[in-house]
Amino acid sequence: QVQLVESGGGLVQPGGPLRLSCAASGLTFGRVAMGWFRQAPGKEREFVATVTRSGGGTSYADFVKGRFTISRDNAKNTVYLQMNSLEPEDTAVYYCAAARGVFSTRQRDGYDYWGQGTQVIVSE
């Protein structure tokens, strides 16, 4: 059974950093592309970042503006999202996802497995 478990969410002040982690089990981690998505209240789930199977390639949503970094440690079956300079608009539930059979993808439909999400709140 595939499981993706996010952690690291919480309350952070504007301008602050936060690091999310996603631990995967039940799959061959090095054979899946990984992605982060987010969903704010009343909005569609949107793409944030993706990393290729080896970790050598990354892609980001435009709104990231160089503030976020996605990375992975295949030895630990874990993908990370380092978020800096957080803004109130970044408040959302953040989900990690795994995609089989693709080099990487920004498309929500391209992902086969999803975590339960971790809440990020950016507020004073």
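Just so it is clear, the model here is predicted, and its values are computed rather than measured. Values reported hereafter were calculated over all heavy atoms of this structure, with side chains retained and with hydrogens, waters and symmetry mates removed.
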**Asked** Do Leu20 and Thr118 have side-chain heavy atoms sitting under 4.5 Å apart?
**Response** yes

Q) Between the main-chain N or O of Arg53 and the side-chain N or O of Asn74, is there a donor-acceptor pair closer than 3.5 Å? A) yes

message: Apply side-chain contact (heavy atoms from CB on, under 4.5 Å) to residues Met83 and Val64 and explain how you reach the verdict.
response: CA-CA 9 Å; Met83 304 186 293; Val64 168; over 6 Å; no

**Prompt:** Backbone N or O of Phe63 within a donor-acceptor pair of the Arg67 side chain at under 3.5 Å?
**Reply:** yes

Correct closest heavy-atom pair for Thr91 and Val122 would be OG1-N, 2.9 Å

Margin query: Could you tell me if the side chain of Leu18 sits less than 4.5 Å from the side chain of Gln82, heavy atoms only?
Written below: no

Side chains of Tyr60 and Arg106, heavy atoms from C-beta outward: is any pair under 4.5 Å? no

Notebook entry, point to check: With a 6.0 Å cut-off on ring centres, are Trp114 and Phe37 close enough?
Noted result: yes

Is there side-chain contact between Asp90 and Phe68, with heavy atoms separated by less than 4.5 Å?
-> yes

Are there more than 12 heavy atoms of other residues, nucleotides or ligands under 6.0 Å from atom CD of Gln107?
no

Q.
Check whether Glu124 reaches the backbone of Pro14 with its side chain - one donor and one acceptor, N or O, closer than 3.5 Å.
A. no

Rounding to 0.5 Å, atoms OG1 (Thr69) and CZ (Arg19) come to a distance of 10.5 Å

On a heavy-atom basis, the closest approach of Val120 and Gly9 is CG2-CA, 4.2 Å

- Can you find a heavy atom in the side chain of Phe29 that is under 4.5 Å from one in the side chain of Met34? yes

* Non-hydrogen side-chain atoms of Val79 and Ile70 separated by less than 4.5 Å -> yes

Start with the C-alpha distance between Thr78 and Arg72, add both sets of side-chain angles, then the distance that settles side chain to side chain donor-acceptor pair (under 3.5 Å), and finish with yes or no. CA-CA 6 Å; Thr78 301; Arg72 65 190 294 164; over 6 Å; no

Heavy-atom nearest pair, Thr50 first then Tyr111, reads OG1-OH, 2.9 Å

Report the C-alpha distance between Leu4 and Tyr95 in whole Å, list the side-chain angles of each, state the deciding distance to 0.1 Å, and finish with yes or no for side-chain contact (heavy atoms from CB on, under 4.5 Å).
CA-CA 9 Å; Leu4 302 177; Tyr95 299 88; over 6 Å; no

Residues Pro17 and Leu86: closest non-hydrogen pair is C-CD1, 4.1 Å

For Trp36 and Leu81, the nearest pair of non-hydrogen atoms, with its separation, is NE1-CB, 3.5 Å

Q | Under 3.5 Å: donor-acceptor pair, side chain of Thr28, backbone of Gly30 | A | no

In short, Ser104 meets Ala33 closest at the heavy-atom pair CA-CB, 3.9 Å

Of Gln39, Glu6, Arg38, the one forming a side chain to side chain donor-acceptor pair (under 3.5 Å) with Tyr94 is Arg38

Check your understanding: If you group Ile, Leu, Val, Met, Phe, Trp and Tyr by side-chain heavy-atom gaps below 4.5 Å, do Val5 and Val93 land in one group?
Key -> no

Side-chain contact test, heavy atoms from C-beta onward, threshold under 4.5 Å: evaluate it for Gln119 versus Leu11 and give yes or no. no

- Are Tyr113 and Val51 joined in one hydrophobic group, where the rule is that I, L, V, M, F, W and Y side chains link up if heavy atoms are under 4.5 Å apart? yes

query = Should Arg108 and Glu46 count as an ion pair when the cut-off is N to O under 4.0 Å?
reply = no

Asp112 side chain to Arg100 backbone, donor-acceptor under 3.5 Å: yes

The reported gap from OG in Ser25 to CD in Gln3 (rounded to nearest 0.5 angstrom) is 4.5 Å

